[in-house]
Amino acid sequence: MPDIIRLLPDSIANQIAAGEVIQRPASVVKELMENAVDAGASAIQVLIRNAGKESIQIIDNGCGMSHTDARMSFEKHATSKISKAEDLFNIRTMGFRGEALASIAAVAQVDLKTKLHDEAVGTWVQIEGSKILKHEACQAASGTSITVKNLFYNTPARRNFLKSDNVELKNIIEEFTRIALAHPQIAMRISVNGNDLYHLKSGNLKQRIVQLFGDAYNEKIVPVEERSYAISVYGFISKPNAARKTRGEQYFFVNKRFIKSAYLHNAVMKAYENLIPKDHFPFYVLFLEIDPTRIDVNVHPQKYEIKFDDEKLVYTFVHAGAKHSLGAYGIAPTIDFNQEQPLQQFGAFDSNRFTGSHFITQIPETMREAKKIAPPEEFSSFQAYRKRKPENWAILQPQLQNINDANADAPQQISTDDDRPVIENSHTSGRELILRSSSAGSSAESTQPYQIHRKYILSPIKTGMVFIDQQAAHERILFERYLRLLQNNRSVGQRQLFPQTMSFNPSDAALLREILPEICNLGFEIEEFGDNTFIIHALPADLGYGNEKDIIEELLEQFKNSMHLQKLSKREKMAQALAASSCIKHGKALSTEEMKLLIDELFACENPYYTPSGKKTLISISLDEMQKKFDARK
C-alpha cells in the first residue's frame, strides 16, 4: 500500500492556523492594536472601510521595525516577546505567540510601512496570501502603518460566513473599546468610512470611561481599590440605580489583558445582591494585577481566558472589593475587612504566604484621586425598580384575542400522544379541550386551573394533569403573533405624546441599526438622531404603558441572546427577542380568568409545546404515572 500521509504546503497550513486566530475583521483590529501597544505607541489610529471587509488600517507612532524585522514579522512563530519556554510564565506583553501577522497575511492582502525613529528611511513590505510581493526601502513616518485589504479574499467560504456590516462593525467597536479602556494613557482614534467614531485623548481611567460611554457616567460610577500581596483590584463600578437590562458593559482585565469570566462576573453580581433586580446588569471596568507566574494566559486562541493558580482567592477578592466600594459610598453596608473570614482564610493579606515573590502592585495615582470624590446621593432601593417596571399582564388580553382571530382558519392538527391534551384543530379553544376531557360526572369546579408558586399553572385533564410554565407559554404565544406581523409587514403603533430620546454605546447602537427595519414592522417607530442617539415616536399598541427605555434595552438583550440560535432566521430571532422581553414573567400572580385565557391561546398555537429556543412550555402527568408513584414502596 502506498504512503498516504504527507506534509501540507505552508500556504494551506497557514490558512488553517488563521482560522483559529483570525475569525472576523474585529480579530484583525485586536491583534494589530495589541502589536501597536507592545511597540510602545503613545497614539494609535484605526481606519475602517466597509466594516473591515474592504480595508483595515492601523497607524501607530511606536518603535517601528528594521528592514529585516519587517520581513521576519510575517513568518509563523516569529516574535520579539519571548525567547525561551520559561518566558511563557512571565508574560506582560499582549502578544507572544508570533501567529497574528502570519495568520493575517495568509488570508488577506497586506501592505506594511515601518521606520525606526533613528533611521532616515523606512521599509515597505507587500504580502498576499503569504507570498512576498515587495520588500524595499521607502519614505515613511516613524512607527508602523499596516493596511489589511480584502480579508478572506482567498477563502470565499469563510468570507460568506461574515455577518452584516452593522454586526461586524459592532464587533470591531467592542475590540477597540476593550483596548482603549486597558490603556487610557494612549491617545486613540477610530474612523469608519471617513467619519470619526471616537477621538480619545490620553488621560486616566475615569476620563477614558467618560470619553467612551458619555458624560453621564461621570456621576454613575464609583471607584474600586483593594490590594494585597497576592492580588490588586482597581477600577470603577456603577451605582445600583445605573444598572441596565442589557449586557455588554462589563469588563475584566488581568494585567491589562481583557478576559471573559462568568465566574468573576458572578463575584461582582453577588456584591449587588438585593440592590438591583435579577434581570439588570451593572457597569464595571475592573483591573486585576497578579504575578504573571501565578496565571496561565496560553489557554485560548484569542487569549480571552486565563487560568489562575488560586481561583477562589481571586473570586473572593473581586467580590469583597466591589462590595467594599458600594459600602464606602453609602450604597451598601460596609465590609469590615478585619472580620472578613474568607479573605483571611485564603491568606490574601498574609505576606508570608507569598515570600517567594513578595509581589506588590502599585495602584495608579489617578485611582487614588478618584476615591476622593463626594459620596453619591442615597440609592433609591430595589423597590424603585419594581415601580418603574411595566405591568406586562395588561398586554396579554388584546394579544390573545388578536392571535385567536389570526388562527381562525388555521389547518387541522392532531396529536396522538395520550400524555398530552388532544388538539382537534388549532382554532379549538384550549379551555374547551380541557372541559371536554373532564369526566362526565365531575363538577365545573374541578376543571378550574390553579397557579403554583406564581410560576406554573396546573390544570386537570381526562388522562391526568398538565403543568404549564406561564412565562414560556406566553413567550410561545407572542412569538407566533410577532412572527406573523413580520411576515405580513404590518403592525399597529401607538404614538407617544412625548417622544423619548435614548442614547446607546456604539456597540448597541450598531446592533439597533441592524434590526431597526424589523423593529418598525412590529409597531415601533424609532428614528436615528445621530451620535448613537435614537428617538422613540411610537410603540406597538398592545405593549401598553411602560418604560420605553426598559422595553428597548430588554429587546436588545434578548436579541443578543438569540443570536446563537442558528436554526432561527433573523426574522424569527427578532420575533423571539420581543416575545421574550414582553411576556409575563415568573412571580406574576394570575387570576383564574387570566389563566384560562393563557391556556386557551397556548393550545391555539401552531406549536404549543416548546418556546422558540426549545424550552418546554408544558408537561403532562398521567393518572397511571401518579398511581405508580403512590404504589412505590421503600
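This structure is a prediction, so every number in the text was calculated from the model and none was measured.
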Nearest-0.5 Å distance that lies between atom [atom1] in [X] and atom [atom2] in [Y]:
X: M188; Y: Y198; atom1: CE; atom2: OH; answer: 13.0 Å
X: Y272; Y: K239; atom1: OH; atom2: NZ; answer: 11.0 Å
X: L618; Y: F467; atom1: CG; atom2: CZ; answer: 11.5 Å
X: I172; Y: K170; atom1: CD1; atom2: NZ; answer: 12.0 Å
X: E305; Y: R257; atom1: CD; atom2: CZ; answer: 13.0 Å
X: I209; Y: I221; atom1: CD1; atom2: CD1; answer: 4.5 Å

Nearest heavy atoms of [X] and [Y], plus distance in Å:
X: M269; Y: P282; value: SD-CD, 3.4 Å
X: L326; Y: S238; value: CD2-O, 4.2 Å
X: L205; Y: L181; value: CD1-O, 3.7 Å
X: R513; Y: E528; value: NE-OE2, 2.7 Å
X: A322; Y: V224; value: N-CG1, 4.4 Å
X: A589; Y: R454; value: CB-NE, 3.8 Å

Test E475 against K615 for side-chain contact (heavy atoms from CB on, under 4.5 Å), laying out the working first. CA-CA 10 Å; E475 183 179 339; K615 179 183 176 182; over 6 Å; no

Report yes or no: is the cationic atom of K312 (NZ for Lys, CZ for Arg) under 6.0 Å from the centre of the six-membered ring of Y315, at an angle within 45° of the ring normal? no

Does F287 have K256 sitting over its ring (NZ/CZ under 6.0 Å from centre, angle to axis within 45°)? yes

Please name all residues satisfying side chain to side chain contact (heavy atoms under 4.5 Å, CB included) with S164, sequence neighbours left out, ordered by chain then number. N166, V167, E514

State which residues pass side chain to side chain contact (heavy atoms under 4.5 Å, CB included) with H537; sequence neighbours excluded, sorted by chain then number. R495, P499, E525, E527, I535

If only atom types and distance count, is the side chain of [X] paired as donor or acceptor with the main-chain N or O of [Y] below 3.5 Å?
X: S325; Y: G321; value: no
X: Q207; Y: N204; value: yes
X: T533; Y: F529; value: no
X: R208; Y: A180; value: yes
X: N255; Y: I290; value: yes
X: E225; Y: Y234; value: no
X: H280; Y: A243; value: no
X: E601; Y: A473; value: no

Any heavy-atom pair between the side chains of [Y] and [X] that's under 4.5 Å?
X: R481; Y: I477; result: no
X: V314; Y: V318; result: yes
X: Q470; Y: I468; result: no

Looking at Y284, F258, Y263, F308, which hits ring-ring contact (aromatic ring centres under 6.0 Å, His included) with F252? Y284

Would you please test I44 and V37 for side-chain contact (heavy atoms from CB on, under 4.5 Å) and show each step? CA-CA 8 Å; I44 301 174; V37 170; 4.0 Å; yes

Which is it for I259 and L264 under the side-chain contact (heavy atoms from CB on, under 4.5 Å) test, yes or no, and what are the steps along the way? CA-CA 10 Å; I259 67 165; L264 296 184; 4.3 Å; yes

Under 3.5 Å, is there a donor-acceptor pair linking the side chains of H265 and Q250? no

Could you tell me if D469 and H586 have a donor-acceptor pair between their side chains, going purely by distance under 3.5 Å? yes

Across all chains, not counting sequence neighbours, the ring pair (Phe, Tyr, Trp, His ring centres under 6.0 Å) partners of Y456 are none

Would you call E273 and K270 a salt bridge, using N to O less than 4.0 angstrom? no

What I want to find out is whether D196 reaches R189 closely enough, with some N-O distance under 4.0 Å, to be called a salt bridge. yes

Can you say whether the rings of Y251 and F213 are parallel (under 30°), tilted (30 to 60°) or perpendicular (over 60°)? tilted

Carefully, step by step, assess R24 and K163 under the rule side-chain contact (heavy atoms from CB on, under 4.5 Å). CA-CA 9 Å; R24 55 183 4 120; K163 305 297 183 182; 3.8 Å; yes

